[in-house]
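What follows is one structure encoded as C-alpha cells, with my remarks underneath.
Residue numbers run from 1 in the order of the sequence given.
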Amino acid sequence: VSAIETQIDGNVEQIGGITQSVAGLAAKVTSGFETVASDQATLAERVSAAEAMADRKIAEAEARAAQSEAEAAAKIQAALANSQTAISRFQDESQAQMEAALSAAEDRLSTTVSAAENRVAALTQEAEETVEQIRVEAETARTAAELGAAVEVVEAALASGDAYADALSTLQDAPELAAATADLAPEADTGAATQAVLEATFPEAAMGAIRSEVSQRDTDSVGGRLGSFFEARVQTRSLSPREGDDTDAILSRAEAAVKAGELATALEELSALSGPAKEVMAPWVSQAEGCLRAQKALELLRQSLAANN
C-alpha cells in the first residue's frame, strides 16, 4: 500500500506537474490565441491595406490603360490620318508619275513614229531616185547603143560609098553630136566618095585637066587650035611626083598624096591649080572634100560619143 501510495503520490505529483504544464500550455495557448488574434487583426489590416492598394493600383492601371488606350486610339487615328495623307499623296504622285510616264511614252512613240515615217519617206524617195536613175541609165544605155549602131552604119557607108541618111537621122536626135552630124549631112543621101574611088578616078581627072590646059594654049587661029587639039590628044603626064608649079607637077604630087591616103595634102596641092585645069578637077576636088569632111566628122562623132559615155 505504501508503495502504491508512494506511486500514487508520485502520480499526483506528476499530475500536478502535468496540470501545471497544462496550465502553462493553456496560458501559452491563450497568449498564442491573443497573439494570433492580434496577428489576425494586423493581418486583416494588412489585407485591407493590400486590398486598398490593389484597388488603387487597379484603378491606376485602369486609368493608365484607359489613357494608353486613348493615346493609342489617338495615335492610331493620327497614323490613319497620316496613312490617308500618304496614300492620297502617293496616289497624286503616282497619278502624276503615270501621267508623266504616259506623256513621255506618247512623246517617244510620236518621235519613233515620226522617225519611222521620215525613214520610210527617205527610203521611198531613195527607191524612186534609184528607179529613176536606173531608168535614166537604161535610157542612156539604149540611146548610146542606138547611137553606137548608127555610127557603125555611117562608118560602113563611108567605107562603101553608100548613103547613110537614116543612120544620120538617128545621130541628129542627139544635140551633143550636132557639130559632127552637120558635116556628115551633105553626103548623107548620095554617099561620100571612098578612098578607092578617089584613087581610081584621079588619073582620068588629072589627064583631063592637063589636056584642057594644053587645048587652051593657042586658040587665036585655026592652026593653033588644031595643033592644041592634037597635042592634047597625045599629051602625057608625070606618074611620079616632081617639083614645079606647073599643072603636071602639081597633079603628080597630088596623085602621090592620094595614093598615100593623104587627102588633105592632095587638096592643098590642087588648090594651086588655075584656069581650065582647076575647072576640070573641080568635081574630083568636091568629092575629095566631101570624103575628107565626112572622115573628119566620123572621127569627131566617135570622140563626142566617148566623151558622153
Side-chain angles (χ1 to χ4, degrees), residues 125-209 251 253-273 277-309:
Q125 182 178 358
E126 183 179 349
E128 290 175 351
E129 291 176 352
T130 301
V131 170
E132 178 62 17
Q133 181 179 357
I134 292 173
R135 187 193 67 78
V136 170
E137 290 177 353
E139 181 65 19
T140 300
R142 184 188 65 79
T143 301
E146 290 179 352
L147 294 177
V151 170
E152 292 180 359
V153 170
V154 171
E155 184 175 5
L158 292 180
S160 63
D162 295 331
Y164 48 85
D166 291 341
L168 180 63
S169 178
T170 299
L171 295 171
Q172 287 173 331
D173 291 336
E176 67 274 15
L177 304 179
T181 55
D183 286 339
L184 285 169
E187 284 73 36
D189 292 328
T190 59
T194 64
Q195 175 71 26
V197 169
L198 292 173
E199 288 185 25
T201 57
F202 187 88
E204 182 178 353
M207 195 67 241
L251 291 171
R253 294 193 298 274
E255 185 174 19
V258 171
K259 290 179 179 180
E262 299 174 356
L263 289 181
T265 301
L267 291 173
E268 185 178 358
E269 290 285 356
L270 293 175
S271 65
L273 292 176
K278 183 173 185 178
E279 294 178 3
V280 171
M281 289 299 298
W284 188 95
V285 168
S286 178
Q287 287 184 330
E289 288 175 343
C291 176
L292 184 61
R293 181 173 54 248
Q295 292 294 340
K296 289 181 178 180
L298 178 62
E299 182 59 29
L300 180 60
L301 199 59
R302 292 196 190 100
Q303 294 174 359
S304 298
L305 281 178
N308 286 281
N309 291 325

Could you tell me which non-hydrogen atom of [X] sits nearest to which non-hydrogen atom of [Y], and how far apart they are?
X: K259; Y: E199; result: O-OE2, 4.0 Å
X: A185; Y: L168; result: CA-CD2, 3.6 Å
X: G290; Y: A192; result: O-CB, 4.4 Å
X: A266; Y: A254; result: CB-O, 3.5 Å
X: A180; Y: A297; result: O-CB, 3.4 Å
X: A157; Y: A163; result: CB-O, 4.0 Å

In Å and rounded to the nearest 0.5 Å, what is the [atom1] to [atom2] distance from [X] to [Y]?
X: L300; Y: D183; atom1: CG; atom2: CG; result: 7.5 Å
X: T190; Y: Q287; atom1: OG1; atom2: CD; result: 9.0 Å
X: T140; Y: L147; atom1: OG1; atom2: CG; result: 10.5 Å
X: L292; Y: E289; atom1: CG; atom2: CD; result: 8.5 Å
X: Q125; Y: T130; atom1: CD; atom2: OG1; result: 10.0 Å
X: L251; Y: M281; atom1: CG; atom2: CE; result: 5.5 Å

Kindly say whether [Y] contributes a backbone atom to a donor-acceptor pair with the side chain of [X] at under 3.5 angstrom?
X: Q195; Y: V258; result: yes
X: S169; Y: A165; result: no
X: S286; Y: A282; result: no
X: Y164; Y: L184; result: yes

pair [X]-[Y]: side-chain heavy atoms closer than 4.5 Å:
X: E204; Y: T201; answer: no
X: C291; Y: L198; answer: yes
X: L158; Y: T194; answer: no

Is the count of non-hydrogen atoms from other residues, nucleotides or ligands lying under 6.0 Å from E176 atom CD greater than 12?
yes

Is it the case that over 12 heavy atoms from other parts of the model lie below 6.0 angstrom from the CG atom of D173?
yes

Is it the case that the side chains of E129 and Q133 hold a donor-acceptor pair, with the cut-off being a distance below 3.5 Å and no angle test?
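No - no donor-acceptor pair under 3.5 Å links their side chains.
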
Under the side-chain hydrogen bond (donor to acceptor under 3.5 Å, both in side chains) test, which residues partner R135, sequence neighbours left out?
E132

Take F202 and V197, measure what side-chain contact (heavy atoms from CB on, under 4.5 Å) needs, and give me the verdict at the end.
CA-CA 8 Å; F202 187 88; V197 169; over 6 Å; no

Can you pull out every salt bridge (Lys or Arg N to Asp or Glu O under 4.0 Å) where at least one residue sits in residues 293-309? Sequence neighbours excluded, please.
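Salt bridge (Lys or Arg N to Asp or Glu O under 4.0 Å) check on residues 293-309 returns E155-R302, E187-R293, E299-R302.
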
Member of T181, L171, T170 meeting the side chain to side chain contact (heavy atoms under 4.5 Å, CB included) criterion with V154
L171

